[in-house]
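Comments concern the structure below.
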Amino acid sequence: MKKISHYILFSILFSLILIIGIGNVYASQSRVIDIRASQFKFEPGRIIVNQGDTVTFKVKTSDVTHGFYIDGYNVDKEVRRGDEVTVTIVADKVGKFKIRCSITCGALHPFMIGEFIVEQGGVNYVFLSSAVGIILVGVSTLLFIWRRDYEYQA
Amino acid sequence: MSIKLSQIKGFLNSFLLHKGTFDLLQIDLIKRLVKHRAFQFAVILPNLFFFWLIILTGFFGSPVGNMNLSITFVWMLWWFALIALLVPLFSRLWCTICPIPSFGEWMQRKGFIRKKEDYKPLGFNKSWPVRFRNIWLQNLGFLILATFSVLLVTRPIVTGIILAILIILASVLAIFYAKRVFCRYICPVGGFLGLFSMFSSIELRVKKKELCVHHFSKECIKGCETSYGCPWFEYPGSMERNNFCGLCFECVKACPFNNIALNLRSFGKDILAKVGRSLDEAWKAFIMLTLAILYILVMQGPWGWIRDLANVFYSPSYGFALNGIEGFLLYAGLFWGTSLGLTPVTFLGFSYLSKAFSKASLPLRRLFIDFSYELIPLALGAWIAFSIPIIMVNWSYIVNTLSDPFGWGWNLFGTKEIPWTPITPEFIPYLQVLIVTIGLFYSIKLGFKLSSQHFLEKNLALRAFIPQLAFLIGTSILLAWLFVG
Ligand code: SF4
Ligand SMILES: [Cu+2]
């Protein structure tokens, strides 16, 4: 049992060091991103920035009117044909945020989704820690059940 | 009403602490309810009303999915309630209230509620061919529907047509074959309901098996004045799994000894049941796991081009125009190839490693089939995770269409104009990862116990399970990547 807790402790420390260590090396920048909305996608579909970046979206539609909504960032704009809508935000929250169309635009409208990913210093720590978490939960579940059954038998 | 303190204790123990089982039929009200002959009719009837409404709106309403009740009620409300609540908590309770087979059943029974004294079933009453007494047809049906799912969940008319087909098919089969052949062997929903109900925290079982063995008249199968006997071809006395129990409660009505219980129990118990494990069910598990991943990728991912492939009737305005057949074939190939080929073959590889690691003398086929059942909790977790944003993001479409079912601009209950407001969408990915991790927990717990069934030595069981652990963790990380990566 001691070994297991050492191993868990070590991984947590290791991830912490990674998060604090690398997260600060990168300086934030300003980015301008052109987005084209059409039935039923945003292009580019995946936008990856770093925490602290100032991001300006310039959104156009190539067919009907679409909405431009970003989860958690309080962005919701209507994009009409011929218009270019500009939105500027500071990417202060990390993680993956879906970009959604907020105006019914046709059959697949609810699936018109893009992704806005805010990393820290070029690394997606949310995913990294999720993966580490999954491995830890998996391995410790197995060890726990194996030990318990083992004790039960003995 | 007489609920005793000991009953409350038993209920809490079983429900919250997973200690032992608690028979819900001990509660007088529930027992009286399910024993009443009018019970099933009474719960199907309101549901039937919605079915007609869904078919009507499907055929005559707006072609825009999220403005049409057929789409919002079936693919948002029903789907979420089914997969996230009904199946994990109440097994196949959906089948209790499902209207699809009701016409056929009423026809066979020549009535809605009462059983006639000189009852003989109407119809040819044939028995189902032995060759098809498995869930392969359900696997096939589900895959076919899944291939067209992007159309199905976005085009009201397609939903209307499919529902109508299912009702007609169920009724026609009821004319030729005895009882609920459609439900047991055909219904594409029934296939995954059966598989996932193995995980449910509820089960219908007999209290004392010996009593059944020595009771020769077996009213639960044959029926009696107050019951038709099981329409699902099950015998409660030997039932160890939920898979084919549609919770119609005919056996409760029939049993003269009150030997039937509706137990609260621990999650995933049936996965450890040694009976009934078969290749068709293994494949069902592969299909369900694979399709959950593909659906998340296609319907919630940022890759528009995959949606273009899936959307075979591409429609600039809302009509139909057959377009991009080659793309669609590619897409269909992806669905069929991964769920029937790639996933099972990969899993076979991991099962081979299990065999090699443990130097087991068991046939590979045995390990492959048995271990496949460990995928059920993870697959269910993936489906629930997939379904969460459907409700949290798009709930407003459901209440909008309640007031305007056809999308014609009505406002019956004043909920038409409620704006689209996702509920804390930024937390959805974390919730999804959490639910998949809970699924993983149960998959590992049950998977290791499956392994222990084959290896008396715990260390061998552990060795055999290590490749399985890798597979389960790998799949969970893939899902996590889709949610937060
Ligand atoms: S098996 Fe299918 S048709 Fe039969 S009751 Fe269940 S869901 Fe309805
Ligand atoms: Cu749109």
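Quick note on labels: first sequence line is chain A, next is B, and so on, each numbered from 1. All values below come from the heavy atoms of this structure, side chains included, with hydrogens, waters and symmetry mates left out.
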Query - Chi angles and distances behind the side chain to side chain contact (heavy atoms under 4.5 Å, CB included) call for A:Thr104, B:Asn66 - result: CA-CA 8 Å; A:Thr104 301; B:Asn66 54 292; 3.0 Å; yes
Query raised in the report: With a 4.5 Å heavy-atom cut-off, do A:Val126 and B:Tyr430 have their side chains touching?
Result: yes
Query - Test item: B:Ile428 and A:Lys96 side chains (from C-beta on) under 4.5 Å apart, heavy atoms - result: no
Query raised in the report: In terms of heavy-atom proximity below 4.5 Å to chain A, should B:Leu440 be classed as side chain, backbone, both, or neither?
Result: side chain
Report task. With the side chain counted from C-beta on, respond yes when A:Lys41 and B:Asp308 share a heavy-atom pair under 4.5 Å apart, and no when they do not. Result -> yes
Report summary line: When the 4.5 angstrom heavy-atom criterion is applied to B:Trp481 and chain A, the contacting part is both
Query raised in the report: Using non-hydrogen atoms only, which part of B:Val393 is less than 4.5 Å away from chain A: side chain, backbone, both, or neither?
Result: side chain
Query raised in the report: Which atoms of B:Ile473 come close to chain A, meaning under 4.5 Å heavy atom to heavy atom: side chain ones, backbone ones, both, or neither?
Result: both
Query - Contacting moiety of A:Val94, where chain B heavy atoms sit under 4.5 Å - result: backbone
Requested in this report: Take A:Phe40 and B:Asn311 through the test side chain to side chain contact (heavy atoms under 4.5 Å, CB included) and record every step on the way to the result.
Outcome: CA-CA 10 Å; A:Phe40 298 95; B:Asn311 194 16; 4.0 Å; yes
Report summary line: Max heavy-atom pairs within cutoff under 4.5 Å with chain A, candidates B:Glu426, B:Lys445, B:Arg307, goes to B:Arg307
Query raised in the report: Below 6.0 angstrom between ring centroids: does that apply to B:Phe465 and A:Trp146?
Result: no
Query raised in the report: Which bit of A:Lys93 is near chain B, if near means a heavy-atom gap under 4.5 Å: side chain, backbone, both or neither?
Result: neither
**Report entry** B:Leu482 portion near chain A, given a 4.5 angstrom heavy-atom threshold
**Finding:** backbone
Query raised in the report: Would you say A:Phe111 and B:Thr154 make side-chain contact, with heavy atoms under 4.5 Å?
Result: yes
Report summary line: Cut-off 4.5 Å, heavy atoms of chain A, and the answer for B:Phe483 is backbone
